[in-house]
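Working notes, beginning with the structure itself.
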Amino acid sequence: MKCIAVANQKGGVGKTTTAINLGAALSESGKKVLVVDLDPQGNASTGLGIEMARRSVTTYDLLFGSAAIGDLVQTSDTERLFVIPATSDLSSADLDMVGHQRRSFLLRDALRQRELTRLGFDYILIDCPPSLNLLTVNAMVAADSVLVPLQSEFFALEGLSQLMLTIRSVRAEANPALRIEGIIMTMYDGRNRLAQQVHADARDTLGDLVFETVIPRTVRVSEAPSYSQPVLSYDSGSKGSIAYRALARELEQR
Ligand SMILES: Nc1ncnc2c1ncn2[C@@H]1O[C@H](COP(=O)(O)OP(=O)(O)OP(=O)(O)O)[C@@H](O)[C@H]1O
Ligand SMILES: [Mg+2]
């Protein structure tokens, strides 16, 4: 089992889109995948079609041990792709965790329960909120690696040093084995000189950490969540689907 935190404190860079579609691509290739929605916005849950009626138990209960794993894990319409959903309840988790002795380890402990490991997931993808709060720290403590979506635009690289500092401090204090899985450029417009420049800059600064695969900006990718589907099932042959499959392959080959 490999656990990957999809994180960037910058909002709207493609974390959720990447968690959903990378998850779908991995499951399409035969892997059993769990997406843990760790964002009170609940976008990953919505995008994977988990309607509110199926969100009476959520990631909040996972963190605080108040529900059985069997009740937490929801199926999606994609075969082999499962979700632990979130609601706005999760917005109080950050505060509720503060007084806890193992506050940074709640997610790690929860994901290591026998009831969950028995389900035999090949991948767990954690969709983080746009913040470096205790929720994101929990994700980094629980994860083997961090996957960082970077929007192909001018200020993309700003804020990355803050993220790297957080990763370093998680390594020092709680999870020495934490790796950076890689940086994935999202919403890439190849006709745009600036986007090309940002990709080149990222490669210069960060080298091989930057995936060769880039995710193009396409309408199909942005439409899919409103149909409660990954783009891979909404429009299987689209450029976005092809790109997320390539990302899954590159990730598995690393
Ligand atoms: N490749 C793409 N092409 C077109 N639109 C995209 C693409 N990737 C993401 N988007 C759109 O950009 C917006 C932000 O994406 P997303 O929700 O994945 O970002 P996020 O980092 O999870 O945001 P937040 O920080 O709020 O959680 C969404 O409306 C999404 O549909
Ligand atoms: Mg999101």
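Each ligand, and each atom within it, is numbered from 1 in the order the structure gives. Only this structure's heavy atoms are used, side chains among them; waters, hydrogens and symmetry mates stay out.
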To the nearest 0.5 Å, how far apart are [atom1] in [X] and [atom2] in [Y]?
| X | Y | atom1 | atom2 | value |
| --- | --- | --- | --- | --- |
| K15 | L38 | NZ | CG | 11.5 Å |
| L251 | L22 | CG | CG | 6.0 Å |
| L63 | L90 | CG | CG | 6.5 Å |
| I184 | L209 | CD1 | CG | 12.5 Å |
| L34 | I69 | CG | CD1 | 9.0 Å |

Are the side chain of [X] and the backbone of [Y] linked by a donor-acceptor contact shorter than 3.5 Å?
| X | Y | answer |
| --- | --- | --- |
| D109 | L106 | no |
| S76 | L48 | no |
| K31 | F121 | no |

**Request:** Quick one: name the protein N/O/S atoms under 2.8 Å from the Mg ion (ligand 2), chain by chain.
**Result:** T16 OG1
**Asked** Is the count of non-hydrogen atoms from other residues, nucleotides or ligands lying under 6.0 Å from D77 atom CG greater than 12?
**Response** no
**Prompt:** What residues come within 4.0 Å of ligand 1, counting heavy atoms only?
**Reply:** K10, G11, G12, V13, G14, K15, T16, T17, D39, Q41, P130, M187, I215, P216, R217, T218, V221, S222
